[in-house]
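One structure is given below, encoded as structure tokens.
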Amino acid sequence: MGRITARRRVTRVRRGAQATTRVDVLAVEEPLEMRVNGERLAVTMRTPGHDVELASGFLVSEGVLVRAEDLATARYCAGAGSDALNSYNVLDVALAPGVASPDSSLSRDFTISSACGVCGKDSIESVTTRSRFDVSDDPLMVDADAVLDLPGRLREHQKVFAKTGGLHAAALFDGRTGELRVIREDVGRHNAVDKVIGWALAHDLLPLRGQILQVSGRASFELVQKAIMAGIPMLSAVSAPSSLAADLAEQQGLTLAGFVRGESMVLYSRADRVSCNDADSHEEFSIATNQKGTS
């Protein structure tokens, strides 16, 4: 659709120099109204593209979808009014027969910002949806060096970020082979993750056992929850996690890595899944990171 980036004339100001004008490239942000069986569920601000993945991944995170066959159809439709044109900003998802519709309490009567995907939830209890998958028993074991390489590999494939500097990214890596399975970009970090999960649902890959979810920003509570709902045993983030994210990861047995940058990282839960080349250094590494994660 050619709507991922937009060009705009801007003025650049430098200290001690004359202002200059040029054409800059911006990441597009547009609303997407998600409907389920014709009923409005939510409006999220997103970067257009992979919208079906976004909606289906969102429904996986809400505990509605588990298998590809749970989703019957997804189609764009016009907005309100008989004269409304199809702007590709309204997506209606039809559930397969026998699949329960989302609880009415999930419905958002306002726009979800690109910074928050769970705004409008009434309480922590309502956010902590019970996953059908148990990540605590996942036998994933990964070398520390392989994890430390993931942010760089993610960055290499952030094509739109390279042009705009304005998008988050999420990628799925196979913890056994190191293969990059899929990468998605979006103005919202939660949207990027939903698109990854939606891709996995479409390929009937849930639960995502043995996989690592790498994100370009911080690890919030909702990203940990989304990983758990998709059966992903490890979440690696370039920046810090929140305290609630670390608590949920520890409670559910998910390996949570933060500050994954270059030569170091901090493990906040299930450090036993990350191995180092030297056994002694691994023991010291695990103890130090666990202490920091619980401080």
Side-chain angles (χ1 to χ4, degrees), residues 1-13 21-36 40-62 74-81 84-93 106-121 151 154-155 157-172 182-199 213-223 225-226 237-239 242:
M1 287 184 287
R3 296 161 55 209
I4 298 176
T5 62
R7 297 170 68 84
R8 178 178 293 272
R9 183 166 294 279
V10 300
T11 300
R12 182 162 188 170
V13 179
T21 60
R22 67 175 188 182
V23 174
D24 204 359
V25 179
L26 303 180
V28 169
E29 181 176 29
E30 292 183 0
L32 176 68
E33 178 180 323
M34 293 181 283
R35 299 177 182 174
V36 176
R40 173 174 168 171
L41 177 66
V43 177
T44 185
M45 302 303 296
R46 97 306 189 190
T47 299
H50 305 290
D51 289 335
V52 175
E53 292 178 353
L54 170 58
S56 58
F58 178 82
L59 291 172
V60 169
S61 299
E62 299 290 357
R75 65 182 183 87
Y76 290 104
C77 49
L85 299 176
N86 191 340
S87 64
Y88 297 98
N89 283 336
V90 180
L91 184 70
D92 191 11
V93 174
L106 296 180
S107 180
R108 276 72 154 177
D109 293 326
F110 53 87
T111 300
I112 304 170
S113 76
S114 56
C116 176
V118 295
C119 303
K121 291 294 187 105
L154 176 71
R155 179 67 182 83
H157 291 85
Q158 288 183 252
K159 297 179 180 179
V160 183
F161 178 86
K163 297 179 180 178
T164 67
L167 290 184
H168 291 284
L172 196 66
V182 64
I183 179 173
R184 294 290 183 260
E185 294 181 277
D186 200 280
V187 289
R189 60 174 62 87
H190 59 284
N191 289 339
V193 171
D194 279 340
K195 289 178 178 180
V196 166
I197 294 174
W199 171 88
L213 179 64
Q214 176 67 51
V215 297
S216 60
R218 61 184 177 85
S220 63
F221 173 88
E222 63 167 334
L223 295 195
Q225 185 222 5
K226 288 177 184 295
V238 172
S239 297
S242 68

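In what follows, residues are counted from 1 in the order of the sequence shown. Not measured: the values here are computed from a predicted model.
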Heavy atoms of Glu30 and Pro48 approach each other most closely as OE1-CG, 3.8 Å
Looking only at heavy atoms, which two atoms of Leu154 and Ala171 are closest? And how far apart?
CD1-CB, 3.4 Å
Audit row: Leu59, Leu41, side-chain contact (heavy atoms from CB on, under 4.5 Å) steps and yes/no
CA-CA 10 Å; Leu59 291 172; Leu41 177 66; 3.7 Å; yes
If you compare all heavy atoms of Val196 against all heavy atoms of Ala170, which two are closest, and at what distance to 0.1 Å?
CG2-O, 3.5 Å
Tell me, do Ser56 and Val93 make a side-chain contact under 4.5 Å, heavy atoms counted?
no
Please give me the minimum heavy-atom distance between Pro151 and Val238, naming the atom from each residue.
CB-CG2, 3.9 Å
Shortest non-hydrogen separation from His157 to Glu185 and the atoms involved
O-OE1, 4.5 Å
Do Thr47 and Asn191 meet the criterion of a side-chain donor-acceptor pair at a distance under 3.5 Å?
no
Closer than 3.5 angstrom, by distance alone: can the side chain of Arg189 be matched with the main-chain N or O of Ala169 as a donor-acceptor pair?
no
Hey, does Leu167 have a side-chain heavy atom less than 4.5 Å from the side chain of Val187?
yes
Once you round to the nearest 0.5 Å, how far does CG of Asp51 lie from NZ of Lys195?
6.0 Å
For the residue pair Ala237 and Ala219, what are the closest heavy atoms and their distance?
CB-CB, 3.8 Å
State the CG-CG distance between Leu54 and Leu91, to the nearest 0.5 angstrom.
8.5 Å
For the residue pair Arg35 and Cys77, establish whether any side-chain heavy-atom pair is separated by less than 4.5 Å.
yes
Interatomic spacing from CZ in Arg9 to OG1 in Thr21 - rounded to 0.5 Å:
5.0 Å
Are any non-hydrogen side-chain atoms of Asp194 and Lys226 less than 4.5 angstrom apart?
yes
Please test Arg22 against Asp24 for side-chain contact (heavy atoms from CB on, under 4.5 Å), starting from the C-alpha separation and ending with a verdict.
CA-CA 6 Å; Arg22 67 175 188 182; Asp24 204 359; 4.2 Å; yes
Evaluation steps, side-chain contact (heavy atoms from CB on, under 4.5 Å), between Phe58 and Thr44
CA-CA 10 Å; Phe58 178 82; Thr44 185; over 6 Å; no
Roughly how far, to the nearest 0.5 Å, is the CD atom of Glu53 from the CG atom of Asp186?
11.0 Å
How many angstroms lie between CD in Glu33 and CZ in Arg40, if you round to the nearest 0.5 Å?
5.0 Å
Side chain proximity check, Ile183 to Gln158, heavy atoms < 4.5 angstrom:
yes
Distance in Å, Arg46 CZ paired with Leu32 CG, rounded so as to fall on 0.5 Å steps:
4.5 Å
